[in-house]
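If you're wondering where the values come from, they're calculated on a predicted model, not measured in any experiment.
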Amino acid sequence: MSINEDFSKIMNRAHYWNWLPDWDIVQTVYREFPESYSVLTPFAYTYLEELIRSTTSEYGLELLDTEGSPMRRKVGMALVKLAIEENKDKNKGLVIHLEKIKPYFKQSSVKDSGNNRNSVAHGYMHPRFWDKDSFEKLIHDIALLSEYAGF
């Protein structure tokens, strides 16, 4: 699948109001400036996490504790594990894709390659060291997971 096909697949499943306009901009910017992957990667990771959340019971709800205070939502690997647990009996295809994207959520260190969400979120790897191939792989994996979007 080409990067343009991946963008189309994502945009066909993205939430119309919340995400589609942003994906249109991402696609336009990337076509015009192919070296822009360093500024687009954090957006892609943010979307990937929200896409995963859309397959869980946490999506669209305000989570409150017994005293009515907002609770923290699961993020990263904890969110992936929640999605796997909640879908293991009803959606095997989704679980297969979730297992494949786990490396994006592994814990980072200052010395790792930086091609995962934690390096992006915590700045372990400077964006100038990200590369086009890792960005396009991330977009491709989002496209594959988009089939299961719960938006």
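Contact of the Ile84 side chain with the Lys102 side chain is registered, since non-hydrogen atoms from C-beta on lie closer than 4.5 Å. Within the 4.5 Å cutoff, no side-chain heavy atoms of Val39 are placed close to those of Val29. Asn4 has its side chain within reach of Arg31: a pair of non-hydrogen atoms, C-beta onward, lies under 4.5 Å apart. Using a 4.5 Å heavy-atom threshold, the side chains of Asp141 and Lys100 count as separate. The shortest side-chain heavy-atom distance between Leu20 and Asp24 does not fall under the 4.5 Å cut-off. Phe7 has its side chain out of reach of Lys9: every pair of non-hydrogen atoms, C-beta onward, lies at least 4.5 Å apart. In this structure, the side chains of Val80 and Ile52 come closer than 4.5 Å at one or more pairs of heavy atoms.
Summarising the geometry, atom CG belonging to Asp131 is positioned 10.0 Å from atom CD belonging to Glu35; distances are rounded to the nearest 0.5 Å. Here Ser36 contributes atom OG and Lys132 contributes atom NZ; the two are 9.5 Å apart, rounded to the nearest 0.5 Å. To the nearest 0.5 Å, atoms CD (Glu86) and CG (Leu94) are separated by 10.5 Å. Taken from CD1 in Ile101 to CD in Glu49, the straight-line distance is 9.5 Å, to the nearest 0.5 Å. Glu147 CD to His97 NE2: the interatomic distance, rounded to the nearest 0.5 Å, is 6.0 Å. The structure places CG of Asp22 at 10.5 Å from OH of Tyr47, a figure rounded to the nearest 0.5 Å.
In this structure, the side chain of Asn87 engages the main chain of Thr55 through a donor-acceptor pair within 3.5 Å. Within the 3.5 Å criterion, the main-chain N or O of Lys74 finds a donor-acceptor partner in the side chain of Arg53.
A salt bridge between Lys137 and Asp133 is absent, with no side-chain N of the basic residue lying under 4.0 Å from a carboxylate O of the acidic one.
Side-chain contact, Tyr148 with Asn91: no donor N or O sits under 3.5 Å from an acceptor N or O.
The two residues Ala44 and Ile139 have their closest heavy-atom pair at CB-CD1, 4.1 Å. Heavy atoms only, all atoms of each residue included: Pro103 and Glu99 are closest at CD-O, 4.2 Å. Of all the heavy atoms in Ser54 and Gly150, the pair that sits closest is OG-N, 2.9 Å. Nearest heavy-atom pair across Phe135 and Thr41 is CD1-OG1, 3.4 Å.
The same ILVMFWY cluster, assembled from side-chain heavy atoms under 4.5 Å apart, contains both Leu48 and Ile25. Leu144 and Ile142 are assigned to two separate hydrophobic clusters, defined by single-linkage of ILVMFWY side chains at heavy-atom distances under 4.5 Å. Taken together through direct or relayed side-chain contacts under 4.5 Å among Ile, Leu, Val, Met, Phe, Trp and Tyr, Ile3 and Tyr37 form part of one hydrophobic cluster.
Not less than 6.0 angstrom separates the ring centroid of Tyr30 from the ring centroid of Trp23.
The aromatic rings of Trp19 and Phe151 sit tilted relative to each other, their planes meeting at an angle between 30° and 60°.
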